[in-house]
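Presented below is the structure to which this report refers.
Since the structure is predicted, the reported quantities are computational estimates derived from the model, not experimental observations.
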Amino acid sequence: MAEAIQKKLKAEVEKFRQMEKDVSKSVSTRQKLETQLAENNIVKEELDLLDTTNTVYKLIGPVLVKQDLDEAKATVTKRLEYINGEIQRYESLLKDLEKKSEQHRELLSSLQQEFQKAQGLSVGKA
């Protein structure tokens, strides 16, 4: 009986480790998105300082291409909306993963207690 519980415990620990890796990866991605958000907010602020007499260029590969100011502002605004949406998606994903992680932690705790009881019973029989 203790061996069956031990196998189940090992499998659940492995699932828990994978879940922790997923949380870590999601946190890392969210941090990258936060950085992109900050950079794009700076770009938006700079574009807001310009008027129609200024020339705006867009970097495409190794080439600077002239771009309309309104088009550049629209592109940055769309990018900001997308990044904000992704940040919200990752926040909800992280909340969900943390909830699952807590439930898994409780399951591991109860399995560990069962295993210890089973070991205590098998030691008492021997």
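Within the 3.5 Å criterion, the main-chain N or O of Q36 finds a donor-acceptor partner in the side chain of N40. Formation of a donor-acceptor pair under 3.5 Å by the N54 side chain with backbone atoms of L50 is not found in this model.
One finds the NZ atom of K117 at 7.5 Å from the CD atom of E114 (value rounded to the nearest 0.5 Å). Rounding to the nearest 0.5 Å places CD of Q67 at 10.5 Å from CG of D70. Distance CG/L37 to CG/L80: 6.0 Å, rounded to 0.5 Å. Here the OH atom belonging to Y90 is positioned 9.5 Å from the OG atom belonging to S28, to the nearest 0.5 angstrom. Between atom CG of residue L111 and atom NE2 of residue H104 there is a gap of 8.5 Å, rounded to the nearest 0.5 Å. Note that the CZ atom of R79 and the CG atom of N84 stand 13.0 Å from one another [nearest 0.5 Å].
With sequence neighbours excluded, no residue forms a salt bridge (charged side-chain N to carboxylate O under 4.0 Å, His left out) with E39.
Looking at E86 and R89, a side-chain N of the basic residue comes within less than 4.0 Å of a carboxylate O on the acidic one, giving a salt bridge. Remark: E102 engages R105 in a salt bridge, criterion side-chain N to carboxylate O under 4.0 Å. For K7 and E3, the salt-bridge test fails: no basic side-chain N is under 4.0 Å from an acidic carboxylate O. Between K15 and E12, at least one side-chain N (NZ, or NE/NH1/NH2) sits under 4.0 Å from a carboxylate O, which counts as a salt bridge.
In this structure the side chain of D48 reaches within 4.5 angstrom of the side chain of K73, judged on heavy atoms. When side chains are defined from C-beta on, E71 does not count as touching V56, because their heavy atoms never get closer than 4.5 Å. Residues L108 and F16 meet the side-chain proximity criterion, which asks for heavy atoms closer than 4.5 Å.
Minimum interatomic distance between L33 and I83 (heavy atoms only, all atoms of both residues): O-CG2, 3.5 Å. Closest non-hydrogen pair, S101 versus E20, comes out as OG-OE2, 3.0 Å. The minimum heavy-atom distance linking M19 with K100 is given by the pair SD-C, 3.7 Å.
When the side chains of ILVMFWY residues are joined at heavy-atom separations under 4.5 Å, either directly or via intervening members, Y57 and L59 end up in a single hydrophobic cluster.
Side chain to side chain, D22 and Q18 meet the donor-acceptor criterion of an N or O pair below 3.5 Å.
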